[in-house]
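Here the structure comes first, spelled out in structure tokens, and everything after it is commentary.
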Amino acid sequence: MMACYFNKMTMLSNLVLAISLFLSSATWANSDEFVLETFDGETTFGGQIDFPKNCYRSQYKTAILVAGTGLYYRNAYLGLSGTERDYVFKDLAKRLNQKCIAVVRYDYRGVKCDIDEKGKVDTCLDQKVRRSVDAQTIIDDIQAVYDHALSHKKVDSSEIVFLGHSEGSLNISRLWDRGTIKPKGLVFIGGMTESPKSLIRWQFIDRSVDQAFAMDTDGNGILTNWEVTLGYPGSFFEENDIPILNLLSPTGMWNRWGLHQFYALEYSTVVNATMLSPGYLPYIQKGITYSSLAWWKKWFTDSEPVVEKLVDFEGPITYFNGSNDIQAPGEKQQEFLKNYAHRMTSPPEFNLIEGKGHLLSNHPLYGPIDEDLVNRVINSIVKSFN
């Protein structure tokens, strides 16, 4: 009897363990992880599809999240709050799952974890792999993610919406333009309407002048070297590792016209030097191999506006851009769109958010997205499926 009782207890214990493992597996099965080979055969990269826990469908409406310029893991660490909401794509995925929408998010090639502190660069980043990155490989990697989602048995292939942040809007538009994706709608945060070439020129020249004259403390239209010296700590230039010596005037002061001419000449020098260099060389930012130089070159040569690439897109296109955006200023993108929308099959809805930055927070560049605005973004994605 004891032996029989022991065997029954062992069987019961094993059954409980099996049920426990099944439940644990089922919980994790809501996120199907994947590893994809790149089209160029250089490497592999990972990602996951998050399926809603609390609503069952045989197939799900699905959002594919595409990050912008950076070194991003699937969670898209982009915030300054010190909370979980700093992982912007992870936060969006949870919210979309609550709306019964599946979410696809993926790692940039060569990025193995969130670089959420400086000491994690060596752990999270394969700089050798990053040397293979250019404009073509970026959109090919998005294509691979889209193709994987399309083939997944739990994804409704006719119900896919893309959300792109920043450069993500450009890369999604490039994919649409080449005719290899068929999303139902597009939603852009800090998105571009103009061309890469015009935007990078603005960033290099006009933005630099504006940021420099933010140090003109007396507002008299003359920026002295003394004002630069006092204003440099904590400025845009210090945050981007631009030496203070690059800002000092040989005459001791700048007016706006003179500084604009200075940056225009410097911009031409950078463009010429870049275009004369082989594309296979590494493009290095802050001592880190960010991509190949070919990616950087593309910014200087692609003169076709994003909205031109989307001119025949028939589904809804929605922009959320901040007026305080330091990368793709909302008013500039809106103004360009006003002169172009009449040519588009589906004129975009453009939401200019006053006082907000590139990721719809009070910071001009970083997030997390303000709570009320993230709900607007989510609702826009939901509406895109209708």
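All values below come from the heavy atoms of this structure, side chains included, with hydrogens, waters and symmetry mates left out.
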- Tyr72 vs His165, ring pair (Phe, Tyr, Trp, His ring centres under 6.0 Å): CA-CA, chis, key distance, verdict: CA-CA 12 Å; Tyr72 295 120; His165 175 239; 7.7 Å; no
Using a 3.5 Å distance criterion without hydrogens, assess whether the side chain of [X] forms a donor-acceptor pair with backbone atoms of [Y].
X: Thr193; Y: Gln333; value: yes
X: Thr62; Y: Tyr60; value: yes
X: Gln59; Y: Lys153; value: yes
X: Asp325; Y: Gly330; value: no
X: Thr345; Y: Val311; value: yes
X: Asp370; Y: Val374; value: no
X: Ser169; Y: Met192; value: yes
X: Trp254; Y: Val209; value: no
X: Asn272; Y: Ser268; value: yes
X: Arg207; Y: Ile326; value: yes

Report, as yes or no, whether the 6.0 Å neighbourhood of atom [atom1] on [X] holds more than 12 heavy atoms from other residues, nucleotides or ligands.
X: Lys120; atom1: NZ; answer: yes
X: Lys286; atom1: NZ; answer: yes
X: Asn54; atom1: CG; answer: no
X: Glu314; atom1: CD; answer: no

Pairwise side-chain contact, [X] with [Y], heavy-atom cut-off 4.5 Å (strictly under):
X: Trp295; Y: Thr69; answer: yes
X: Thr301; Y: Met275; answer: yes
X: Pro278; Y: Leu293; answer: no
X: Tyr290; Y: Trp296; answer: no
X: Met215; Y: Phe236; answer: no
X: Thr137; Y: Thr38; answer: no

Could you give all pairs that pass the ring pair (Phe, Tyr, Trp, His ring centres under 6.0 Å) test and reach [range], with sequence neighbours left out?
range: residues 176-197; value: Trp176-Phe313, Phe188-Tyr319
range: residues 363-386; value: His363-Tyr366
range: residues 195-228; value: Phe204-Tyr267

What distance do [X] atom [atom1] and [Y] atom [atom2] have between them, rounded to the nearest 0.5 Å?
X: Leu310; Y: Asp177; atom1: CG; atom2: CG; result: 8.0 Å
X: Leu360; Y: Asn351; atom1: CG; atom2: CG; result: 9.5 Å
X: Glu266; Y: Ser208; atom1: CD; atom2: OG; result: 8.0 Å
X: Asn246; Y: Phe237; atom1: CG; atom2: CZ; result: 9.5 Å
X: Glu349; Y: Thr318; atom1: CD; atom2: OG1; result: 4.5 Å
X: Ser157; Y: Lys184; atom1: OG; atom2: NZ; result: 11.5 Å

- Apply side chain to side chain contact (heavy atoms under 4.5 Å, CB included) to Met253 and list each qualifying residue two or more places apart in sequence or on a separate chain.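 Applying side chain to side chain contact (heavy atoms under 4.5 Å, CB included) to Met253 gives Ile222, Thr224, Thr251.
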- All side chain to side chain contact (heavy atoms under 4.5 Å, CB included) counterparts of Thr180, not counting sequence neighbours: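 Residues passing side chain to side chain contact (heavy atoms under 4.5 Å, CB included) with Thr180: Gln143, Leu175, Arg178.
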- Among His152, Gln48, Lys154, which residue meets the side-chain hydrogen bond (donor to acceptor under 3.5 Å, both in side chains) test with Asp32?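 Running side-chain hydrogen bond (donor to acceptor under 3.5 Å, both in side chains) over His152, Gln48, Lys154 with Asp32 returns exactly one hit, His152.
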- Message: Checking Ile205 against His260 for the side-chain contact (heavy atoms from CB on, under 4.5 Å) test, could you report, in this order, the C-alpha distance in whole Å, the side-chain angles of both residues, the deciding distance, and whether it holds?
- Response: CA-CA 6 Å; Ile205 302 173; His260 190 279; 3.5 Å; yes
- Query: Side-chain donor-acceptor pair under 3.5 Å between Asp86 and Ser81, yes or no?
  - Reply: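 Yes, side-chain donor-acceptor contact under 3.5 Å.
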- Message: We want to know whether Asp116 and Tyr73 form a side-chain donor-acceptor pair, criterion being a heavy-atom distance below 3.5 angstrom.
- Response: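 Their side chains do not contain a donor-acceptor pair, so the 3.5 Å distance test is not met.
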With sequence neighbours excluded, give me every salt bridge (Lys or Arg N to Asp or Glu O under 4.0 Å) pair touching [range].
range: residues 238-262; value: Asp210-Arg256
range: residues 223-233; value: none
range: residues 190-205; value: Glu194-Lys332

- Message: Between Val103 and Leu92, is the side-chain contact (heavy atoms from CB on, under 4.5 Å) condition met? List the steps.
- Response: CA-CA 9 Å; Val103 177; Leu92 287 172; over 6 Å; no
- Task: Please assess Thr217 against Leu230 for the test side-chain contact (heavy atoms from CB on, under 4.5 Å), listing each intermediate value before the final yes or no.
- Result: CA-CA 9 Å; Thr217 52; Leu230 293 178; over 6 Å; no
- Task: Determine, step by step, whether Lys309 and Asp302 satisfy the salt bridge (Lys or Arg N to Asp or Glu O under 4.0 Å) criterion, reporting the C-alpha distance in whole Å, the side-chain angles of both residues, the deciding distance to 0.1 Å, and the verdict.
- Result: CA-CA 11 Å; Lys309 300 178 195 297; Asp302 188 352; 3.3 Å; yes
- Message: For residues 275-284, which residue pairs pass the side chain to side chain donor-acceptor pair (under 3.5 Å) check, not counting sequence neighbours?
- Response: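 The answer is Tyr283-Gln285.
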- Message: Filter on side chain to side chain donor-acceptor pair (under 3.5 Å), then keep only pairs touching residues 99-115, sequence neighbours left out; what's left?
- Response: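 Listed once each, the pairs are Asp40-Arg109, Asp50-Arg105, Arg74-Asp107, Asn75-Arg105, Asn75-Asp114, Arg109-Ser132, Arg109-Asp141.
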- Message: Do Val270 and Leu247 sit in one hydrophobic cluster, given that two such residues count as connected whenever their side-chain heavy atoms are within less than 4.5 Å of each other, even indirectly?
- Response: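 Yes, one cluster joins them.
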- Task: Start with the C-alpha gap between Ile378 and Leu96, add the side-chain angles, then the distance that decides, and say whether side-chain contact (heavy atoms from CB on, under 4.5 Å) holds.
- Result: CA-CA 7 Å; Ile378 295 297; Leu96 286 165; 3.6 Å; yes
- Residue pair Asp91, Arg95: steps toward the salt bridge (Lys or Arg N to Asp or Glu O under 4.0 Å) verdict: CA-CA 6 Å; Asp91 184 57; Arg95 294 169 187 267; 3.0 Å; yes
- Could you name each residue pair satisfying disulfide bond (SG atoms under 2.5 Å apart) that touches residues 103-190, not counting sequence neighbours?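 Checked against disulfide bond (SG atoms under 2.5 Å apart) - neighbours excluded - the pairs reaching residues 103-190 are Cys113-Cys124.
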- Among pairs that include at least one residue of residues 52-89, which meet disulfide bond (SG atoms under 2.5 Å apart), considering only residues two or more places apart or in two chains?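 Applying disulfide bond (SG atoms under 2.5 Å apart) to every pair that reaches into residues 52-89, excluding sequence neighbours, yields Cys55-Cys100.
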